[in-house]
Amino acid sequence: ASFRQSRLVDLVQMQIGAERWKAMHDEDDADRPESKLWRTRARASFEDLVRQFKRRGGAASDLPLLRAFLRNEERLGLVGLLADILAWHRVLFRALGSSPLSREDAAQRTNRQIVDGLPQQERTEAEETLRRFCHAFNTTLPRLKNLWECQR
(Lines give C-alpha, C1' and ligand atoms only; values in the text may rest on other atoms or scores of the structure.)
Protein backbone atom coordinates (compact mmCIF):
# COMPACT_ATOMS: atom_id res chain seq x y z
CA ALA A 1 0.00 0.00 0.00
CA SER A 2 1.20 3.48 -0.77
CA PHE A 3 1.93 6.04 1.91
CA ARG A 4 -1.21 7.96 0.93
CA GLN A 5 -3.40 4.85 1.29
CA SER A 6 -1.88 3.95 4.64
CA ARG A 7 -2.49 7.52 5.88
CA LEU A 8 -6.11 7.21 4.80
CA VAL A 9 -6.45 3.89 6.63
CA ASP A 10 -4.87 5.45 9.72
CA LEU A 11 -7.26 8.39 9.54
CA VAL A 12 -10.34 6.15 9.21
CA GLN A 13 -9.11 3.92 12.03
CA MET A 14 -8.56 6.95 14.26
CA GLN A 15 -12.01 8.37 13.45
CA ILE A 16 -14.02 5.25 14.14
CA GLY A 17 -12.00 4.15 17.15
CA ALA A 18 -9.96 1.08 17.97
CA GLU A 19 -12.88 -1.04 19.20
CA ARG A 20 -14.99 -0.55 16.09
CA TRP A 21 -11.95 -1.06 13.87
CA LYS A 22 -11.18 -4.38 15.55
CA ALA A 23 -14.81 -5.47 15.28
CA MET A 24 -14.92 -4.58 11.58
CA HIS A 25 -11.82 -6.64 10.88
CA ASP A 26 -12.58 -9.50 13.25
CA GLU A 27 -9.32 -8.88 15.07
CA ASP A 28 -10.90 -10.09 18.32
CA ASP A 29 -11.03 -13.62 16.90
CA ALA A 30 -7.50 -13.60 15.47
CA ASP A 31 -6.35 -16.17 18.01
CA ARG A 32 -9.15 -18.57 16.99
CA PRO A 33 -8.62 -19.55 13.33
CA GLU A 34 -11.71 -21.79 13.31
CA SER A 35 -13.85 -18.71 13.89
CA LYS A 36 -12.88 -17.50 10.43
CA LEU A 37 -14.12 -20.71 8.78
CA TRP A 38 -17.61 -21.06 10.15
CA ARG A 39 -19.77 -18.29 11.54
CA THR A 40 -23.13 -16.76 11.03
CA ARG A 41 -23.74 -13.07 10.71
CA ALA A 42 -26.88 -11.04 10.59
CA ARG A 43 -27.40 -9.34 7.26
CA ALA A 44 -26.60 -5.64 7.50
CA SER A 45 -29.50 -3.33 6.75
CA PHE A 46 -30.32 0.34 6.84
CA GLU A 47 -32.51 -0.27 9.88
CA ASP A 48 -29.53 -1.83 11.68
CA LEU A 49 -27.44 1.22 10.87
CA VAL A 50 -30.08 3.56 12.30
CA ARG A 51 -30.49 1.38 15.39
CA GLN A 52 -26.73 1.27 16.03
CA PHE A 53 -26.46 5.01 15.49
CA LYS A 54 -29.26 5.72 17.97
CA ARG A 55 -27.68 3.33 20.44
CA ARG A 56 -24.57 5.52 20.36
CA GLY A 57 -26.69 8.42 21.52
CA GLY A 58 -28.30 9.53 18.28
CA ALA A 59 -26.19 12.67 18.06
CA ALA A 60 -22.91 10.88 17.42
CA SER A 61 -20.98 14.12 17.29
CA ASP A 62 -17.90 12.24 16.13
CA LEU A 63 -19.75 11.20 12.94
CA PRO A 64 -21.24 14.45 11.59
CA LEU A 65 -21.59 13.27 7.98
CA LEU A 66 -23.50 10.15 9.03
CA ARG A 67 -25.66 12.25 11.34
CA ALA A 68 -26.50 14.63 8.46
CA PHE A 69 -27.20 11.68 6.15
CA LEU A 70 -29.61 10.06 8.59
CA ARG A 71 -31.31 13.35 9.41
CA ASN A 72 -31.98 14.01 5.71
CA GLU A 73 -32.24 10.46 4.41
CA GLU A 74 -35.84 10.74 3.26
CA ARG A 75 -34.98 13.79 1.13
CA LEU A 76 -31.71 12.51 -0.36
CA GLY A 77 -33.53 10.91 -3.28
CA LEU A 78 -34.56 14.39 -4.36
CA VAL A 79 -30.95 15.21 -5.21
CA GLY A 80 -31.31 13.10 -8.34
CA LEU A 81 -34.06 15.43 -9.55
CA LEU A 82 -31.65 18.36 -9.73
CA ALA A 83 -30.50 17.22 -13.17
CA ASP A 84 -34.03 17.66 -14.56
CA ILE A 85 -34.41 21.08 -12.93
CA LEU A 86 -31.06 22.26 -14.29
CA ALA A 87 -31.87 20.84 -17.73
CA TRP A 88 -35.00 23.03 -17.85
CA HIS A 89 -32.92 26.03 -16.75
CA ARG A 90 -30.62 25.34 -19.69
CA VAL A 91 -33.66 25.39 -22.02
CA LEU A 92 -34.80 28.68 -20.48
CA PHE A 93 -31.38 30.28 -20.92
CA ARG A 94 -31.23 29.06 -24.52
CA ALA A 95 -34.73 30.43 -25.22
CA LEU A 96 -34.34 33.74 -23.42
CA GLY A 97 -30.72 34.42 -24.21
CA SER A 98 -28.77 36.70 -21.94
CA SER A 99 -31.40 39.42 -21.73
CA PRO A 100 -32.83 39.79 -18.22
CA LEU A 101 -36.49 38.98 -17.70
CA SER A 102 -38.46 41.26 -15.41
CA ARG A 103 -40.65 39.83 -12.68
CA GLU A 104 -43.73 41.06 -14.55
CA ASP A 105 -42.63 39.46 -17.83
CA ALA A 106 -41.87 36.21 -16.01
CA ALA A 107 -45.34 36.24 -14.43
CA GLN A 108 -46.96 36.64 -17.87
CA ARG A 109 -44.95 34.09 -19.87
CA THR A 110 -45.86 30.44 -19.76
CA ASN A 111 -43.62 27.44 -20.19
CA ARG A 112 -45.60 26.62 -23.36
CA GLN A 113 -44.65 30.04 -24.79
CA ILE A 114 -41.02 29.36 -23.97
CA VAL A 115 -41.10 26.02 -25.80
CA ASP A 116 -42.99 27.51 -28.75
CA GLY A 117 -40.34 30.23 -29.05
CA LEU A 118 -37.59 27.69 -29.67
CA PRO A 119 -36.57 26.54 -33.16
CA GLN A 120 -38.84 23.72 -34.39
CA GLN A 121 -36.07 21.09 -34.23
CA GLU A 122 -35.51 21.76 -30.49
CA ARG A 123 -39.15 21.69 -29.35
CA THR A 124 -39.64 17.95 -28.91
CA GLU A 125 -36.61 17.67 -26.66
CA ALA A 126 -37.62 20.84 -24.80
CA GLU A 127 -41.12 19.44 -24.18
CA GLU A 128 -39.64 16.26 -22.72
CA THR A 129 -37.28 18.35 -20.56
CA LEU A 130 -40.26 20.42 -19.38
CA ARG A 131 -42.21 17.27 -18.53
CA ARG A 132 -39.30 15.98 -16.40
CA PHE A 133 -38.89 19.43 -14.80
CA CYS A 134 -42.58 19.57 -13.85
CA HIS A 135 -42.34 16.13 -12.26
CA ALA A 136 -39.19 17.14 -10.35
CA PHE A 137 -40.66 20.47 -9.25
CA ASN A 138 -43.96 18.96 -8.11
CA THR A 139 -42.16 16.16 -6.27
CA THR A 140 -39.65 18.44 -4.60
CA LEU A 141 -41.63 21.53 -3.67
CA PRO A 142 -43.88 19.96 -1.01
CA ARG A 143 -40.82 18.58 0.82
CA LEU A 144 -38.89 21.84 0.98
CA LYS A 145 -39.27 24.36 3.78
CA ASN A 146 -39.07 28.15 3.78
CA LEU A 147 -39.70 28.84 0.11
CA TRP A 148 -41.67 31.99 0.71
CA GLU A 149 -41.82 33.09 -2.93
CA CYS A 150 -43.19 29.71 -4.04
CA GLN A 151 -45.68 29.48 -1.20
CA ARG A 152 -47.49 32.75 -1.99
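Hydrogens, waters and symmetry mates play no part in the numbers below; they use all other heavy atoms, side chains included.
The CD atom of Gln108 sits 13.5 Å away from atom CZ of Arg103, with the distance rounded to the nearest 0.5 Å. How far OG1 of Thr140 is from CG of Leu82: 7.5 Å, rounded to the nearest 0.5 Å.
Note: the hydrophobic cluster containing Leu101 also contains Ile85 (ILVMFWY, side chain heavy atoms under 4.5 Å, direct or indirect links). Follow the hydrophobic side-chain contacts under 4.5 Å out from Phe137 and you never reach Leu81; the two are in separate clusters. Note on Phe69: it does not cluster hydrophobically with Leu78, by side-chain heavy-atom contacts below 4.5 Å among ILVMFWY residues.
Taking the side chain as every heavy atom from C-beta outward, Thr110 and Val115 never approach each other to under 4.5 Å.
Side-chain atoms of Arg123 come within 3.5 Å of backbone atoms of Leu118 as a donor-acceptor pair (strictly under, hydrogens ignored).
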Under the criterion salt bridge (charged side-chain N to carboxylate O under 4.0 Å, His left out), I'd like the reasoning laid out for Arg112 against Glu127: C-alpha separation, chi angles, the key distance, then a yes or no. CA-CA 9 Å; Arg112 169 57 39 206; Glu127 287 171 354; 3.1 Å; yes
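Residues satisfying the salt bridge (charged side-chain N to carboxylate O under 4.0 Å, His left out) criterion with Arg94, sequence neighbours excluded, are Glu122.
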Using distance only, find each side-chain donor-acceptor pair of residues 128-136 under 3.5 Å and give its atom names and separation, not counting sequence neighbours.
| from | atom 1 | to | atom 2 | distance (Å) |
| --- | --- | --- | --- | --- |
| Glu128 | OE1 | Arg131 | NE | 3.1 |
| Glu128 | OE2 | Arg131 | NE | 3.4 |
| Glu128 | OE2 | Arg131 | NH2 | 2.6 |
| Thr129 | OG1 | Glu125 | O | 2.9 |
| Arg132 | NE | Asp84 | OD1 | 3.0 |

